[in-house]
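Here's the structure, in structure tokens; my notes come after.
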Amino acid sequence: MDCLFCKIAAKQIPSKVVHDDNDVFAFEDINPQAPVHVLIIPKKHVATLNDLEKDDCEALSRVYMAAKKIALDRGVADSGFRVVANCNADAGQTVFHLHFHLLGGRKFGWPPG
Ligand code: AMP
Ligand code: ZN
């Protein structure tokens with residue numbers, strides 16, 4: 001499949017790996033928007049949140065467990081962090097393999113721009 005994040009998870013394209021298990025892969029965002037900016041993905045190709053299926057629930061909960069661990073490891077668990085998934089055009093999704101941005105290390109505005 002011609003998918004950037006599938007290739008990154010398969011290590012066919014290099015990335016700065018943060019977490020790697022059977023279901024979940026995490027790596028540094030190439031264009032960080034905060035001192036901590038890690039992308040967490042299910043290894044299974046799911047294009048957008050709209051395409052999520054019931055069978056993906058286990059992998060999705062592992063995504064959040066990885067987020068919790070990474071936030072702790074990076075020292076932002078207590079200060080605060082944000083986990084964001086952009087879905088389709090209005091949210092600004094540019095890579096169509098479901099991914100969760102873990103952002104931390106600075107204050108974020110609300111509502112988001
Ligand atoms: P989104 O706009 O939510 O689809 O986010 C896509 C993210 O992927 C952006 O934050 C990009 O900086 C990031 N990105 C694109 N290509 C790479 C890459 N090769 N390695 C790491 N992050 C990437
Ligand atoms: Zn993919």
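We number each residue from 1, following the sequence as shown. Whatever order the structure lists ligands and atoms in, that order sets their numbers, starting from 1.
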field: Centroid-centroid under 6.0 Å between H101 and H99 rings
entry: yes
Review point. Can we call the ring centroids of F27 and F5 under 6.0 Å apart?
Key: yes
Show the atoms of ligand 1 that are less than 4.0 angstrom away from any heavy atom in [X].
X: N31; answer: 12 (O)
X: F5; answer: 8 (O)
X: I8; answer: 18 (C), 19 (N), 20 (N)
X: E28; answer: 21 (C)
X: F27; answer: 21 (C), 22 (N)

When you measure from the side chain of Q33 to the backbone of N31, do you find a donor-acceptor pair of N or O atoms at a distance under 3.5 Å? yes
Return yes if some donor-acceptor pair links the side-chain N/O of Q93 with the main-chain N/O of V95 below 3.5 Å, else return no. yes
Is there a continuous path of hydrophobic side-chain contacts, each under 4.5 Å between heavy atoms, that joins L60 to F96?
no
Checklist entry - Going hydrophobic residue to hydrophobic residue with side-chain gaps under 4.5 angstrom, can you get from L98 over to L103? => result no
More than 12 foreign heavy atoms under 6.0 Å from CG of N50: is that the case here? yes
With K43 as partner, the option from D21, D20, D23 fulfilling salt bridge (Lys or Arg N to Asp or Glu O under 4.0 Å) is D20
Is any N or O atom of [X], backbone or side chain, closer than 3.5 Å to an N or O atom of ligand 1?
X: G92; answer: yes
X: N86; answer: yes
X: Q93; answer: no
X: L4; answer: no

Nearest protein heavy atom with distance in Å, relative to [atom]:
atom: atom 1 (P) of ligand 1; answer: H99 NE2, 3.1 Å
atom: atom 23 (C) of ligand 1; answer: I30 CG2, 3.5 Å
atom: atom 9 (C) of ligand 1; answer: D29 OD2, 3.4 Å
atom: atom 4 (O) of ligand 1; answer: T94 N, 2.7 Å

**Test item, H101 contacting ligand 1 (heavy atom, 4.0 angstrom)** = yes
Practice prompt. Please verify whether a non-hydrogen atom of K16 lies at under 4.0 Å from ligand 1.
Written response: no
Rounding to 0.5 Å, atoms SG (C6) and NZ (K44) come to a distance of 11.0 Å
Dump the intermediate steps for ring-ring contact (aromatic ring centres under 6.0 Å, His included) on F100 and Y64, then the final yes or no.
CA-CA 9 Å; F100 296 79; Y64 275 93; 5.8 Å; yes
